[in-house]
Amino acid sequence: MSRSTARTALILALLLSAAGAANALEVGELNLHLGQAWIGNGYTTDADGEPVQGSDVSPLNFTGAFGVDLEFAPRVRFAPTLFLYWQEYLETPSGKAVPTQIETGTAAGNIAGSLGLILSMPYIYEWSLSEELAILAGASPSVVLRLPAQPIEGSKLDGLYEYFFSEARFLQPEIMGSFLYRLNETVRFGLNLRVFFPVHNLWTQYEVEFFDEAMILPNLELRLSP
């Protein structure tokens, strides 16, 4: 087993252990999210300063999510949530994957529509401002899985999978916050903001700004008490 594979297996094992521990916690609320996902792209020019053909400006995509809040302690919750989005990615000549558009064409490299799965697992603390208003804040060692699923014009997917799953690029720590208003005893509604940090840029081979592959998710949040 390679060092990269072993590191990936260890991270996934830790995440699965955390999910298993959640079975013993009491369900507090179900939550639904609807919003946008901004994906940073800092690789629009190569090392020589030449424009990278097909590399799109930082895209904004529709995203939705569902999750559950599990009571951990007074005012503290464990809140696993799964976000989904869709984005086309291009494998550039250097091997780096960048956001692109389906119209780019395979002359620039292999292109695939990719399903994005964001597994967010924050511990959240809640402050009550009044009987109706509350602020929530939390952090998570989140996982961002990008799965090339729709090859464009016969593109090969091996290079894209290799890029997305090497050097722990799927690990993106997260901070989040929500502002909620209680409509009644069972329903709360409000705004949620999540920021995912591409820490792999600290050690990967490509010289890019740190925001490259960062994600910012502003969204509407609906919480339901069972």
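Reckoned from all heavy atoms, side chains included, excluding hydrogens, waters and symmetry mates. Bear in mind that the values here come from a model prediction, so they are computed numbers and not experimental data.
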On the 0 to 90° scale, with breaks at 30° and 60°, tag the [X]-[Y] ring pair as parallel, tilted or perpendicular.
{"X": "H33", "Y": "F83", "value": "tilted"}
{"X": "Y89", "Y": "F164", "value": "perpendicular"}
{"X": "Y125", "Y": "W127", "value": "perpendicular"}

Can you find a side-chain donor-acceptor pair between [X] and [Y] that sits under 3.5 Å?
{"X": "W203", "Y": "Q205", "answer": "no"}
{"X": "D56", "Y": "N41", "answer": "no"}
{"X": "E221", "Y": "S178", "answer": "yes"}

Between [atom1] on residue [X] and [atom2] on residue [Y], distance to nearest 0.5 Å:
{"X": "S120", "Y": "N192", "atom1": "OG", "atom2": "CG", "answer": "8.5 Å"}
{"X": "Q150", "Y": "W86", "atom1": "CD", "atom2": "CH2", "answer": "5.0 Å"}
{"X": "L90", "Y": "Q101", "atom1": "CG", "atom2": "CD", "answer": "11.5 Å"}
{"X": "L220", "Y": "L191", "atom1": "CG", "atom2": "CG", "answer": "6.0 Å"}
{"X": "L119", "Y": "S140", "atom1": "CG", "atom2": "OG", "answer": "7.5 Å"}
{"X": "E185", "Y": "S225", "atom1": "CD", "atom2": "OG", "answer": "9.5 Å"}

Measure across [X] and [Y] and return the closest heavy-atom pair with its distance rounded to 0.1 Å.
{"X": "A97", "Y": "L160", "answer": "CB-CD2, 3.7 Å"}
{"X": "L129", "Y": "F179", "answer": "CD1-CE1, 4.1 Å"}
{"X": "A65", "Y": "T81", "answer": "CB-CG2, 3.9 Å"}
{"X": "G42", "Y": "F211", "answer": "CA-CZ, 3.8 Å"}
{"X": "P93", "Y": "A108", "answer": "CD-O, 4.2 Å"}
{"X": "F210", "Y": "P198", "answer": "O-CG, 3.1 Å"}

Do S58 and W38 touch side chain to side chain, with heavy atoms closer than 4.5 Å? yes
Any Lys/Arg nitrogen of R146 or E213 sitting under 4.0 Å from an Asp/Glu carboxylate oxygen of the other? yes
[X] [atom1]: over 12 foreign heavy atoms closer than 6.0 Å:
{"X": "F66", "atom1": "CZ", "result": "no"}
{"X": "E207", "atom1": "CD", "result": "no"}
{"X": "Q36", "atom1": "CD", "result": "yes"}

Test your reading of the model: is there a side-chain donor-acceptor pair from [X] to the backbone of [Y], 3.5 Å cut-off?
{"X": "T63", "Y": "L84", "result": "yes"}
{"X": "T100", "Y": "S55", "result": "no"}
{"X": "R169", "Y": "Y163", "result": "yes"}
{"X": "R77", "Y": "A79", "result": "no"}
{"X": "N219", "Y": "G64", "result": "no"}
{"X": "Y161", "Y": "P148", "result": "yes"}
{"X": "Y206", "Y": "S94", "result": "yes"}
{"X": "S128", "Y": "S130", "result": "no"}
{"X": "S166", "Y": "E162", "result": "yes"}

I39 and V143: same hydrophobic cluster, using ILVMFWY side-chain contacts below 4.5 Å? yes
Step by step, work out the side chain to side chain contact (heavy atoms under 4.5 Å, CB included) result for N110 and I152. CA-CA 8 Å; N110 293 309; I152 306 301; over 6 Å; no
M176/L193 under side chain to side chain contact (heavy atoms under 4.5 Å, CB included): CA gap, chis, key distance, verdict: CA-CA 6 Å; M176 58 79 63; L193 179 65; over 6 Å; no
Give every residue pair that meets the salt bridge (Lys or Arg N to Asp or Glu O under 4.0 Å) criterion with at least one member in residues 186-203, sequence neighbours excluded. E29-R188, E126-R188, E174-R194
Evaluate the side chain to side chain contact (heavy atoms under 4.5 Å, CB included) criterion for residues R182 and L180: first the C-alpha distance (whole Å), next the side-chain angles of each, then the deciding distance (0.1 Å), finally the verdict. CA-CA 7 Å; R182 181 173 294 281; L180 298 174; over 6 Å; no
Stepwise side chain to side chain contact (heavy atoms under 4.5 Å, CB included) check, Y85 with L115: CA-CA 6 Å; Y85 69 94; L115 175 64; over 6 Å; no
Tell me if the centroids of the rings in Y123 and F78 come within less than 6.0 Å of each other. yes
